[in-house]
Protein chains: 2
Amino acid sequence: MKPLTEMAQSSQIFRNVPRMDVLDLISKGSVKEAERGASIHLQGERAHSLFIVLEGWVKLYRMSSCGNEAVVGVLSNGDCFGEAAAVPGEVFSTGAEAVAASKLLQIDAQDLWHAIDSDPVLCRAFLGATLSDNRALVHQLGQLKSHTAAQRIADFLLSLCKDEVGECIVVLPYDKVLIAGWLGMKPESLSRAFRRLEPYGVKIRKDRALIQSVERLLAFADEDPSKSWSEKAWKTS
Amino acid sequence: MKPLTEMAQSSQIFRNVPRMDVLDLISKGSVKEAERGASIHLQGERAHSLFIVLEGWVKLYRMSSCGNEAVVGVLSNGDCFGEAAAVPGEVFSTGAEAVAASKLLQIDAQDLWHAIDSDPVLCRAFLGATLSDNRALVHQLGQLKSHTAAQRIADFLLSLCKDEVGECIVVLPYDKVLIAGWLGMKPESLSRAFRRLEPYGVKIRKDRALIQSVERLLAFADEDPSKSWSEKAWKTS
DNA sequence: CGGGCCCTTGACGTTAGTCAAAGAGCGTGG
DNA sequence: CCACGCTCTTTGACTAACGTCAAGGGCCCG
């Protein structure tokens, strides 16, 4: 139980909250194990709990009525989801599913309300976490609306090798079906888009991406999609 | 100044907050007038203020480094933006621009912090507002990732005639360039996608949309995009 | 009347989805 | 150890969707 509290304290949401304020809340939570493929909560369901990922991977997704799934988040150690539980009467706006064997800290909504009521510091922590979610969503929206599939992959790879320069090798953290969903495309398109990154010095081997130059990739990720023709002409000559 | 406080109190964010808790905060805000095209705040700028739309229309957008703009929100009376200001040290994750002559209530970040610190009720109100933003973003992502342009328009039109049934006429609340941006497409595509809704009983005349049957449109908005061929074959025969 | 902006239309190219098939791992059981 | 079946991934051919470029019409306002 010791490593559990440490993990939860260093999580995204509680990172900047004094130890004392969170201990009580965390101690009321329970650890839930979820195997790959297990559903954690459903879209539209009453937001009964807050979750913190202690270990593993969780995807947040939106199901359209025709059965089409859109991944809106992929979370790992220290990430937090189900913030809707902080507000009485809310429902989950996404579904959540473990995409790898995972350990979660589950905190009951009522305990949460009580904690928030009695401790303003916690409330602000939630506000911060939700704003952070917001930023992530806005970023994703921006990517989706004004970048090609290949550029979104570039952005994704770059997010995996933050602060690196020059050459670097990154490990793809989950399978390509999920990466495709997360980036808003089909697996086939992902596969092809990886190919299109080769001219920019990116090679994929199994679950590893070899990036020749982070700078070059960055330039590609930011460039205007509408001038692909001129780029291409310039490049194939 | 009287109608101002009323408007602000009935805004999205303060709607469920007791009058007393907000009066003080609102009184510290200042009214800002913005004409069409005026920039309200920039992406990346320190989040110095919270804004509440009293009148007019505001768009939130994300600018990619290549100058491509993605609209991530379109706000009107009672809507609130710049919640990032509630957390010290935050920056705006989007830009904001008036797309029509607008009146805004601008509340300084420091006043906000003070108010939140001294009143937990307000803090929870912000949490609720941010969660609400979150839901909207998630909805938009879902639409973008798993629906065609025509379906997104259908969803948009339906959001304008909530709770209506059968035939109905809605007024497009802003110009088509902005609608296109908001729905993640180019104006040309919007124009063509409107045509594609005609078989489903939608006609556009100037800034009005005539919907023959809300139910039929709803069915179209939710249907699986991948079976368009069979639908089409079935329809043109 | 003229200029500017918004909107539409047409022709065309690129991008990504669909359908189908085959290759690459990988664990299981013989 | 190998054959088998499974899932993940890649590839190919084709199609649909959307963006781009260019032109033209309608409308407002000076």
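Here the structure is a predicted model, which is why all the values come from computation and not from measurement. Labels below follow one simple rule: chain letters A, B, ... track the order of the sequence lines, proteins then strands, and each chain is numbered from 1.
- In this structure, A:Lys186 places its NZ atom 17 Å from P of D:dA16, rounding to the nearest Å.
- In this structure, B:Arg192 reaches the bases: a heavy-atom distance under 4.0 Å links it to at least one base atom across the strands shown.
- Panel note: side chain A:Arg62, backbone A:Gly95; no donor-acceptor pair is recorded below 3.5 Å.
- Shown here are the side-chain contact (heavy atoms from CB on, under 4.5 Å) partners of B:Ser76, two or more places apart in sequence or in another chain: B:Trp57, B:Asp79.
- With rounding to whole Å, A:Glu198 atom CD is found 11 Å from D:dT10 atom P.
- In this structure, A:Glu188 places its CD atom 13 Å from P of D:dC8, rounding to the nearest Å.
- D:dT10 atom C1' lies 12 Å from atom CZ of A:Phe194, rounded to whole Å.
- Distance B:Leu190 CG to C:dC6 C1': 12 Å, rounded to the nearest Å.
- A:Arg195 places its CZ atom 13 Å from the P atom of D:dT9, with the value rounded to the nearest Å.
- Regarding A:Arg205, its CZ atom lies at a distance of 12 Å from the P atom of C:dG25, rounded to whole Å.
- The existence of a salt bridge linking B:Arg36 and B:Glu97 is excluded, since no basic side-chain nitrogen approaches an acidic carboxylate oxygen closer than 4.0 Å.
- Of all heavy-atom pairs between A:Gln151 and A:Phe220, the closest is NE2-O, 3.1 Å.
- Between B:Ser189 and D:dC18 there is no side-chain polar atom (N or O) within less than 4.0 angstrom of OP1 or OP2.
- Of the residues in residues 146-157 of chain B, not one places a heavy atom less than 4.0 Å from an atom of DNA chain C.
- A side-chain N or O of B:Gln106 and one of B:Ser49 form a donor-acceptor pair less than 3.5 Å apart.
- Atom pair B:Ile204:CD1 and C:dC7:P shows a separation of 12 Å (rounding to whole Å applied).
- The two residues A:Asn68 and A:Lys186 have their closest heavy-atom pair at OD1-NZ, 4.1 Å.
- Nearest heavy atoms, A:Phe92 versus A:Leu42: CB-O, 3.6 Å.
- Toward the 5′ end of DNA chain C lies the nearest nucleotide of A:Met185, the other residue of the pair A:Met185 and A:Lys206 mapping further downstream.
- Residue-level contact check: B:Arg36 touches the backbone only, with heavy atoms under 4.0 Å from sugar-phosphate atoms and none from bases.
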